[in-house]
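Okay, structure first, notes after.
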Amino acid sequence: MSLNTSTKGTFILNGDLYITRPFMHYIKKGHSQILAQKILHTTPSWGYITDENQKLLDIDTNAIEGYGDGITFFDNAKEIELLKNALLKCHKEDYWEKCILHSLANIDYFISFCKSYYIEIDSLKDALKANLITPQEIALQCSKLVFITFF
């Protein structure tokens with residue numbers, strides 16, 4: 001991951017998020033923040049523990065309720081550099097979010113509690129549930145003979 005430290009207005013999000021609603025109105029310029037949505041499943045997620053001002057204090061990495069996950073936004077070049085340094089402390093097997101834990105002492109993250117604005121697509125079942133693909137489309141794709149050429 002390469003971060004341009006002179007860039008403000010940087011979003012970091014997982015590539016498997018299907019955005020279902022506008023979310024820009026939650027952004028607070030000049031702050032590092034995480035747009036979190038309600039945890040709606042029983043699979044453990046990252047749940048955010050905040051103070052009364054919604055400042056992130058800690059992360060429950062096995063939360064099954066509350067608010068968690070989401071899109072991270074940075075609008076401060078200094079904090080982007082701090083995040084980059086925290087990312088370097090992560091192991092290559094770690095999810096990128098681990099650097100948030102490594103940077104909690106140096107970056108004030110604020111949590112914006114959002115209504116549901118994305119769906120994480122981790123499987124075919126998730127795509128079917130979100131109506132991104134139909135069983136008929138799957139059957140059609142599976143019935144076609146596909147030749148792949150490797151160069």
Side-chain angles (χ1 to χ4, degrees), residues 1-138 141-142:
M1 172 185 254
S2 173
L3 294 175
N4 180 344
T5 57
S6 65
T7 302
K8 290 180 67 175
T10 299
F11 287 94
I12 302 176
L13 63 145
N14 291 330
D16 61 355
L17 299 186
Y18 177 70
I19 308 299
T20 58
R21 298 182 184 184
F23 61 87
M24 291 299 293
H25 61 280
Y26 291 109
I27 299 299
K28 296 175 185 146
K29 294 194 182 239
H31 296 282
S32 294
Q33 68 185 112
I34 301 171
L35 309 180
Q37 70 179 19
K38 193 161 185 66
I39 298 170
L40 299 174
H41 45 77
T42 57
T43 304
S45 299
W46 284 40
Y48 301 123
I49 300 165
T50 64
D51 66 12
E52 63 279 353
N53 297 314
Q54 284 71 48
K55 180 182 177 222
L56 181 62
L57 301 175
D58 201 2
I59 299 172
D60 177 356
T61 58
N62 290 304
I64 55 172
E65 63 183 14
Y67 283 81
D69 297 330
I71 294 175
T72 306
F73 176 74
F74 294 90
D75 201 30
N76 179 312
K78 177 185 171 203
E79 290 179 349
I80 293 171
E81 184 64 28
L82 291 170
L83 181 76
K84 180 180 175 183
N85 292 332
L87 187 61
L88 295 173
K89 293 178 184 175
C90 293
H91 297 285
K92 63 182 179 179
E93 302 85 29
D94 289 336
Y95 291 110
W96 79 266
E97 292 96 341
K98 185 84 170 205
C99 68
I100 292 175
L101 284 172
H102 290 300
S103 64
L104 272 177
N106 300 314
I107 298 175
D108 289 333
Y109 293 96
F110 290 90
I111 305 299
S112 292
F113 301 108
C114 308
K115 295 193 182 211
S116 179
Y117 68 98
Y118 73 84
I119 299 169
E120 187 172 356
I121 306 297
D122 288 325
S123 66
L124 183 57
K125 182 179 176 182
D126 292 343
L128 285 165
K129 186 176 176 183
N131 295 318
L132 298 176
I133 191 166
T134 67
Q136 295 78 13
E137 291 169 325
I138 295 169
Q141 291 298 317
C142 291

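Hydrogens, waters and symmetry mates are skipped; everything else that's a heavy atom, side chains included, is used. The structure displayed is predicted, hence computed values, not measured ones.
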Margin query: Does any part of the side chain of I119, heavy atoms only, come nearer than 4.5 Å to the side chain of L132, both counted from C-beta?
Written below: no
Notebook entry, point to check: Hey, does F73 have a side-chain heavy atom less than 4.5 Å from the side chain of Y109?
Noted result: no
Check: If you round to the nearest 0.5 Å, how far is CD1 of I80 from OG1 of T10?
Finding: 3.5 Å
Next item on the list: Just grab all the side chain to side chain donor-acceptor pair (under 3.5 Å) pairs involving residues 58-69, residues at least two apart or on different chains.
Entry: none
Check: Do side-chain atoms of N14 reach the backbone of D16 as a donor and acceptor pair under 3.5 angstrom?
Finding: no
Margin query: Suppose the criterion is salt bridge (Lys or Arg N to Asp or Glu O under 4.0 Å): which pairs have a residue in residues 98-113, not counting sequence neighbours?
Written below: K55-D108
Next item on the list: Using a 4.5 Å cut-off on heavy atoms from C-beta on, say whether the side chain of F74 contacts that of E81.
Entry: no
Note to self: I'd like to know whether I59 forms a side-chain contact (heavy atoms from CB on, under 4.5 Å) with Y48, so could you lay out the CA-CA distance, the side-chain angles of the two residues, the decisive distance to 0.1 Å, and finally the verdict.
What the structure shows: CA-CA 5 Å; I59 299 172; Y48 301 123; 3.9 Å; yes
Check: What are the two closest non-hydrogen atoms of H102 and K89, and how far apart are they?
Finding: NE2-O, 4.1 Å
Check: Among all residues two or more places apart in sequence or in another chain, which pass the side-chain contact (heavy atoms from CB on, under 4.5 Å) test with L128?
Finding: L124, I133, P135, I138
Margin query: Would S103 and L82 count as a side-chain contact (heavy atoms from CB on, under 4.5 Å) here? Give the steps.
Written below: CA-CA 7 Å; S103 64; L82 291 170; 5.6 Å; no
Item checked: Listed partners of Y117 passing side-chain contact (heavy atoms from CB on, under 4.5 Å), at least two apart -> R21, F23, L35, Q37, I71, C114
Note to self: Does Y18, at its OH atom, have more than 12 non-hydrogen atoms belonging to other residues, nucleotides or ligands within less than 6.0 Å?
What the structure shows: no
Notebook entry, point to check: Could you give the distance from CD1 (I111) to CG (L56), rounded to the nearest 0.5 Å?
Noted result: 4.5 Å
Next item on the list: Kindly give the heavy-atom pair with the smallest separation between C99 and L83, and that separation in Å.
Entry: SG-CD1, 3.3 Å
Notebook entry, point to check: What pairs of residues pass the salt bridge (Lys or Arg N to Asp or Glu O under 4.0 Å) test when at least one of them lies in residues 31-50, not counting sequence neighbours?
Noted result: none
Next item on the list: Side-chain contact test, heavy atoms from C-beta onward, threshold under 4.5 Å: evaluate it for D75 versus I27 and give yes or no.
Entry: no
Item checked: Non-hydrogen atoms of G68 and Y118 that approach each other most closely -> O-OH, 4.1 Å
Check: Taking all atoms of both residues into account, what is the closest heavy-atom pair of A130 and I121, and its distance?
Finding: CB-CD1, 4.2 Å
Next item on the list: Show the numbers, then the answer: is there a side-chain contact (heavy atoms from CB on, under 4.5 Å) between E97 and W46?
Entry: CA-CA 9 Å; E97 292 96 341; W46 284 40; 3.9 Å; yes
Check: Given the rule in the side-chain contact (heavy atoms from CB on, under 4.5 Å) test, do I100 and I34 qualify, once you have shown the distances and angles that lead to the verdict?
Finding: CA-CA 10 Å; I100 292 175; I34 301 171; 4.0 Å; yes
Checklist line | Qualifying residues under side-chain contact (heavy atoms from CB on, under 4.5 Å), relative to H25, sequence neighbours excluded | finding: none
Next item on the list: List the atom of K28, the atom of Q33, and the distance in Å for their closest heavy-atom pair.
Entry: N-OE1, 2.6 Å
